[in-house]
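Numbering of ligands and ligand atoms starts at 1, following listing order.
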Amino acid sequence: MAEQDEQMAELSLTIKSRFKAAWHLSAAIQSALDKNWHWVDSSEAIQNHTEAVTDLPHLADIAFMSAGEGMMVMDEKGCILSINKAYTTITGFREIDALGLTHKAMRDKDCDVWRTLQLNDKWSGEKLNYRKSGEAYQERITLSAVRNHLHQVTHYVGVFSDITEAKHSQNRLQELVNHDPLTGLPNRRLFTELLEHAIKRAEREHHEIALLFVDLDRFKSINDSLGHQVGDKLLYEVSKRIHHTVRDSDVVARLGGDEFLVMMDNIKSIEDAASVAQKIIYALQIEFHIDSKEIFIGASVGISIFPKDGNDVEGLIKAADIAMYQIKNRGKNNFCFYSEELSKNAVERFTLESELRHALARKQFEVHYQPQISLLTGDIIGAEALIRWRHPTLGLVSPARFIPIAEETGLIVQIGEWVLRQAAKQAMAWISDGYTMQWISVNVSGVQIMRSNFYDTVYGILVETDCKPQILELEITESTVMQNTEFVIDTFNNIKQLGVRVAIDDFGTGYSSLSNLKRLPLSKIKIDQSFVRGLPDDLNDAAITNTINAMARNLGFSVIAEGVETNAQAEFLKNMGCEEAQGYLYGKPIDAAEFTKMLETRTQKYQIAGN
Ligand code: C2E
Ligand code: MG
Ligand code: MG
């Protein structure tokens, strides 16, 4: 009996050595194995199951050979003694190639694998390995030590599976979770993680990090006018340009929409950040060619510095965002560092924005009118409608302050429509009261054209107010034309069919091309006040106004000069051949009641130089 016991123990040990590590084997074999492992301790059980036990070596071989995982038995030094079929299937090495070799995981005697095996008898992990063909593959491997009754390691058993595919899917998933699918750049989530690490390191090593918040100028209107496909391609090209502009060690991420972040770790001075911001702006200023269209955009960059402007991810991004907004308000295409002062402005702006949302319903807007004069006769020939916001605590707020907010929030669509309606009604009222007014000019924002059915709005208002189309003049700025050329040209060609007049405002400031202007149904060009200011002494301003005037006349447009404040300016303009003017010299913008009074009381024509 004792001899049989000893035999059984030895047999069990062999089985154990082969199978203890292979817990993943088929359930049937595993349970048979488990049962037999108990039999070792029970001579009674051995008696009862002699038959099953006699079958075990055979069963073990089947299991070993047919397992889906690669298996190998190694001696105490890690040299391979036997392998199964799956080993060959996965690695390409046949038994003859593998015998006597050491598996890659066991090769480095000092490594964690050996230490863990000595301590715990078991090690599992993932390793990169190579097939016989030289192709790399990823394996998940479990190594177990087999000990004899003296507790000495006699063998190692290794079981491994090929997880290359799974790993690939996992990596792909990671990539999807952490990267922006459009540009392939890290997304907010990954960027946050990277910035968190960088902040910890910077705290330890006492260095600075710069965070650049890049927001594209005019992206929304490009997306609206040229379509999302073009918008997406543009974002991809933008991401490439930003990426090429920064160092390899800087991290570029896409926050979403047209917002990008750049993290510059370990900057030497804040000038480094300024110079990179400038480079990004230059790079994005160069025209893009997408689907054979030339597209111009720009970028506004806000910069925050760790630890000065914030000590966590959220604080730093917010500070850079506030700085970026400052640039948007100041005319875009530039960069700006965060400061406490900006933070105060941002709070003010936010308050203004929420109040602006209610201003229309609370009837806080007014339309003021500024006279437009004939330089030939001195008569008032028209008026420009200019919106004012009568704020309950701030008093009259200038449009320069709230129009950009109204544009960004889209509120300009309703506000602009309201101004148009008021102006049309007022013009008709003056005309029916017998005042001679040739037209009333109303400013139209690019956002109104892009984000609403502007033609329908104009048509609706003409019908509703019974306004004669020819007394309505719509002013669009040069930059509106340049940003969405085709769409603007189409819209205004339709509007022109209604009989409405179209003028280009702030001319000379927007780099518009003559070829585009020729395609617009223009009646008039308004020379920007910045060129009128220096007249008559500033030679540059004189040359510019002269050129604009000559060019406009060649194209058949009439010309009006804005911002005329002195008689000398008026005289120069008149001598130059300009026929119309508008400015403080003739009258500041005033409300409708005052303007009516001015029309009533004005018996004397304006003093016109030379008259
Ligand atoms: P703009 O259309 O170029 O209007 C001319 C601006 O110059 C007005 O400023 C006017 O008050 C001012 N101005 C007129 N004459 C003189 C002068 O002799 N000297 C000086 N220094 N300034 C003069 P305001 O009313 O503050 O409007 C500023 C801008 O806000 C306008 O520039 C226009 O772009 C925009 N805006 C005004 N009302 C509306 C509106 O109803 N809709 C839209 N979309 N924009 C508007
Ligand atoms: Mg205007
Ligand atoms: Mg203007």
- [ ] Please confirm whether D505 comes within less than 3.5 Å of ligand 1 when only nitrogen or oxygen atoms on both sides are compared.
- [x] yes
- [ ] Say whether I387, considering both its backbone and side-chain N or O atoms, lies within less than 3.5 Å of an N or O atom on ligand 1.
- [x] yes
Does this structure show an ion pair linking [X] with [Y], if we count only N-O contacts that are shorter than 4.0 Å?
| X | Y | value |
| --- | --- | --- |
| K588 | E594 | no |
| E353 | R357 | yes |
| D180 | R188 | no |
| E407 | R451 | no |
| E408 | R349 | yes |

Any side-chain heavy atom of [X] sitting closer than 4.5 Å to one from [Y]?
| X | Y | answer |
| --- | --- | --- |
| K518 | L555 | yes |
| L234 | F219 | yes |
| L211 | I303 | no |
| D258 | D215 | yes |

- [ ] Tell me which N, O or S atom of E384 sits nearest to the Mg ion (ligand 2).
- [x] OE2
Between ligand 1 and [X], can you find any atom pair, the residue atom being a heavy atom, that is separated by under 4.0 Å?
| X | answer |
| --- | --- |
| G416 | no |
| K588 | no |
| R388 | yes |

Which residue and non-hydrogen atom of the protein lie closest to [atom], and at what distance in Å?
| atom | value |
| --- | --- |
| atom 5 (C) of ligand 1 | E562 OE2, 3.7 Å |
| atom 29 (C) of ligand 1 | P399 CG, 4.5 Å |
| atom 46 (C) of ligand 1 | N443 CB, 3.7 Å |
| atom 6 (C) of ligand 1 | Q529 NE2, 3.7 Å |
| atom 19 (N) of ligand 1 | E565 OE2, 2.5 Å |
| atom 15 (N) of ligand 1 | Q370 NE2, 2.9 Å |
| atom 18 (O) of ligand 1 | Y584 N, 2.8 Å |
| atom 31 (C) of ligand 1 | L386 CD2, 4.2 Å |

Show which atoms of ligand 1 fall inside a sub-4.0 Å distance from at least one heavy-atom site of [X].
| X | result |
| --- | --- |
| V419 | 41 (O) |
| V564 | 18 (O) |
| P589 | 11 (O) |
| S445 | 44 (N) |

Task: Option passing side-chain hydrogen bond (donor to acceptor under 3.5 Å, both in side chains) with K526 (candidates E580, E478, Q582) - done: Q582
Parallel, tilted or perpendicular: which fits the ring planes of [X] and [Y], with parallel below 30° and perpendicular above 60°?
| X | Y | answer |
| --- | --- | --- |
| Y455 | Y459 | parallel |
| F365 | W418 | tilted |
| W389 | F402 | perpendicular |

- [ ] Nearest 0.5 Å please: distance from the CG atom of L261 over to the CG atom of D250.
- [x] 12.5 Å
TODO: State whether any protein heavy atom lies less than 4.0 Å from atom 9 (O) of ligand 1.
DONE: no
Task: Non-hydrogen protein atom less than 4.0 angstrom from atom 24 (P) of ligand 1 - done: yes
- [ ] Please name all residues satisfying side-chain hydrogen bond (donor to acceptor under 3.5 Å, both in side chains) with T480, sequence neighbours left out, ordered by chain then number.
- [x] T477
Open item on the list: So, at under 2.8 Å, which protein N, O or S atoms would a careful student list around the Mg ion (ligand 3)?
Closed with: D505 OD1, D506 OD1, E562 OE1, E562 OE2
Open item on the list: Taking the cut-offs as 6.0 angstrom to the six-membered ring centre and 45 degrees off its axis, would you call K233 and Y236 a cation-pi pair?
Closed with: no
